[in-house]
Undergrad: 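Have a look at this one before I ask anything.
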Amino acid sequence: MNMMEIYFATGNSNKVKEAEIILKDLKGIKIKAINLPYPEIQGTLEEVSEFGVKYLYSKIKKPVFVEDSGFFIEVLKGFPGTYSRYVQETIGNEGILKLMEGFKGEERRAYFKSVVGYCDEDGIKLFKGIVRGNVSHEIRDKGHGFAYDSIFIPEGENRTFAEMTREEKSRISHRRKALEKFKEYIEKKLP
Ligand SMILES: O=c1nc[nH]c2c1ncn2[C@H]1C[C@H](O)[C@@H](COP(=O)(O)OP(=O)(O)OP(=O)(O)O)O1
Ligand SMILES: [Mg+2]
């Protein structure tokens, strides 16, 4: 059977590794990661994904998806949210923990959100995933994960995402939930 090729446009190799784990048993489809840049407008994750994938499809005219994601802390009114990448590169996890000093228990609730934007000749589709949890009191890392993983403890767990293996994280992550919906949609489209 000839494989349908779908591009995953991202500059983040950690997202690629996790998408490969999550989509490994996708039948009849080959996912090809490409680092094709696209303008990341200021807006919600949905708006960034929709604008980005529309832009890329207009350039390459081939089935393609992007994923915009972020880390949202409730007591900080959703900060860093859509600024997650910039905040990670500036104040980082130490800076976030400083902002969280004095908050305890439920006040440390946070979530990751992922919005996958897919486009082909039939138009654009968005697939979303959220994983809820808490901001840890300290940075806890076992060398796995990336960015905010070392300060996020998912609900029902006592380890941070960065203390889990990539496989364990990818069983419950926001990326898993969004890409599972994408997988279900795309498998239905196959001839
Ligand atoms: O699973 C995750 N574990 C930890 N941190 C995460 C995760 N998922 C997103 N994040 C944070 C870090 C990243 O810097 C930002 C996403 O920003 P975002 O624009 O979607 O990613 P990016 O610029 O690194 O790659 P891309 O080329 O796909 O836009 O949110
Ligand atoms: Mg980005």
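As the structure lists them, so they are numbered: ligands from 1, and atoms in each ligand from 1.
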Undergrad: For atom 24 (O) of ligand 1, what is the closest protein heavy atom, and at what distance to 0.1 Å?
TA: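 Of every protein heavy atom, Asn12 ND2, 2.9 Å lies nearest to atom 24 (O) of ligand 1.
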Undergrad: If the cut-off is 4.0 Å to any non-hydrogen atom of Lys169, which atoms of ligand 1 fall inside it?
TA: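 This gives 1 (O), 2 (C), 3 (N) as the contact atoms.
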Undergrad: Does at least one non-hydrogen atom of Phe112 fall below 4.0 angstrom from an atom of ligand 1?
TA: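 Right, Phe112 reaches ligand 1.
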Undergrad: With the Mg ion (ligand 2) as the point of reference, which N/O/S atom of Glu40 is the closest?
TA: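 Atom name of the closest N, O or S in Glu40: OE2.
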Undergrad: Any atoms of ligand 1 less than 4.0 Å from a non-hydrogen atom of Asp68? List them with their elements.
TA: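 Taking each heavy atom of Asp68 in turn, ligand 1 has 18 (P), 19 (O), 20 (O) under 4.0 Å.
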Undergrad: Could you check whether Glu46 pairs with Lys128 (Lys NZ or Arg NE/NH1/NH2 to Asp/Glu carboxylate O, under 4.0 Å)?
TA: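 Answer for the salt bridge query: yes.
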Undergrad: May I ask you to identify the nearest protein heavy atom to atom 3 (N) of ligand 1, giving residue, atom name and distance to one decimal place in Å?
TA: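 Scanning the protein heavy atoms, the shortest distance from atom 3 (N) of ligand 1 goes to Asp149 OD1, 2.7 Å.
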Undergrad: Counting each atom of ligand 1 from 1 as listed, which ones have a heavy atom of Thr10 under 4.0 Å away?
TA: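 That gives atoms 25 (O), 26 (P), 27 (O), 28 (O) of ligand 1.
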Undergrad: Could you find the nearest protein heavy atom to atom 29 (O) of ligand 1 and give me its residue, atom name and distance?
TA: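 Its nearest protein heavy-atom neighbour is Glu40 OE2, 3.0 Å.
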Undergrad: Determine the sole option in Glu155, Glu74, Glu157 for which the salt bridge (Lys or Arg N to Asp or Glu O under 4.0 Å) test with Arg132 is passed.
TA: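 Checked Glu155, Glu74, Glu157 against Arg132; only one passes salt bridge (Lys or Arg N to Asp or Glu O under 4.0 Å): Glu74.
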Undergrad: In terms of atom number and element, which parts of ligand 1 are under 4.0 angstrom from non-hydrogen atoms of Ala147?
TA: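 Answer, ordered by atom number: 4 (C), 5 (N), 12 (C).
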Undergrad: Could Arg109 and Glu106 be called an ion pair, given the rule that one side-chain N must be under 4.0 Å from one carboxylate O?
TA: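 Yes, this pair counts.
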Undergrad: With Asp120, which of Lys62, Lys189, Lys61 fulfils salt bridge (Lys or Arg N to Asp or Glu O under 4.0 Å)?
TA: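 For Asp120, the salt bridge (Lys or Arg N to Asp or Glu O under 4.0 Å) check succeeds only for Lys189.
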Undergrad: State whether Phe103 and Arg108 meet the cation-pi test: NZ (Lys) or CZ (Arg) under 6.0 Å from the six-membered ring centroid, and within 45° of the perpendicular axis.
TA: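 Here Arg108 fails the 6.0 Å and 45° test against Phe103.
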Undergrad: For atom 8 (N) of ligand 1, which candidate among Gln88, Lys113, Lys15, Arg175 provides the closest heavy atom?
TA: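 Checking each option, the heavy atom nearest atom 8 (N) of ligand 1 is found in Arg175.
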Undergrad: Which of the listed options, Ser114, Ser170, Ser69, holds the heavy atom that is closest to atom 17 (O) of ligand 1?
TA: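 The option holding the nearest heavy atom is Ser69.
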Undergrad: Do you know the tightest heavy-atom contact between Met164 and Ile172?
TA: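 For Met164 versus Ile172, the nearest heavy atoms are CE-CD1, 4.3 Å.
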Undergrad: With the threshold set at 4.0 Å, does a side-chain nitrogen-carboxylate oxygen contact exist between Asp68 and Lys113?
TA: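 No, this pair does not count.
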Undergrad: Is the shortest side-chain N to carboxylate O distance from Glu94 to Lys98 below 4.0 Å?
TA: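 Looking at Lys98 together with Glu94, the answer is no, because their closest N to O distance does not fall below 4.0 Å.
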Undergrad: Give the intermediate values and the outcome of ring-ring contact (aromatic ring centres under 6.0 Å, His included) for residues Tyr7 and Phe65.
TA: CA-CA 6 Å; Tyr7 286 104; Phe65 70 90; over 10 Å; no
Undergrad: Just jot down the ligand 1 atoms closer than 4.0 angstrom to any heavy atom of His174, in number order.
TA: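 Answer, ordered by atom number: 1 (O), 2 (C), 7 (C), 8 (N).
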Undergrad: Does the pair Arg85/Glu89 count as a salt bridge with the N-to-O cut at 4.0 Å?
TA: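 Yes.
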Undergrad: Between Glu18, Lys177, Glu67, Arg176, which is the residue that forms a side chain to side chain donor-acceptor pair (under 3.5 Å) with Ser114?
TA: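 Result for side chain to side chain donor-acceptor pair (under 3.5 Å) with Ser114: Glu67.
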Undergrad: I need the nearest protein heavy-atom contact for atom 30 (O) of ligand 1: residue, atom name and distance, please.
TA: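 Ranking protein heavy atoms by distance from atom 30 (O) of ligand 1, first comes Ser84 CB, 3.3 Å.
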Undergrad: Nearest to atom 23 (O) of ligand 1, what protein heavy atom do you find, and at what distance?
TA: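 I find the closest protein heavy atom is Arg85 NH1, 2.9 Å.
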Undergrad: Is ligand 1 less than 4.0 angstrom away from at least one heavy atom of Glu67?
TA: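 It does, in that a heavy atom of Glu67 comes within the 4.0 Å cut-off of ligand 1.
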Undergrad: Between the side chains of Asn93 and Ser150, is a donor N or O closer than 3.5 angstrom to an acceptor N or O?
TA: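 Yes, because at least one side-chain N or O of Asn93 sits under 3.5 Å from a partner of the opposite role on Ser150.
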Undergrad: Does at least one non-hydrogen atom of Glu89 fall below 4.0 angstrom from an atom of ligand 1?
TA: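 Contact absent.
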Undergrad: Please could you name the atoms of ligand 1 that Gly11 approaches to less than 4.0 Å, counting only its heavy atoms?
TA: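 Once the distances to Gly11 are compared, the set is 26 (P), 27 (O).
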Undergrad: State whether the shortest distance between N or O atoms of Glu18 and N or O atoms of ligand 1 falls below 3.5 angstrom.
TA: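 The answer is no, given that Glu18 and ligand 1 share no N or O pair closer than 3.5 Å.
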Undergrad: Identify the protein heavy atom lying closest to atom 7 (C) of ligand 1, giving its residue, its atom name and the separation to 0.1 Å.
TA: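 In this structure, atom 7 (C) of ligand 1 has Phe146 CZ, 3.5 Å as its nearest protein heavy atom.
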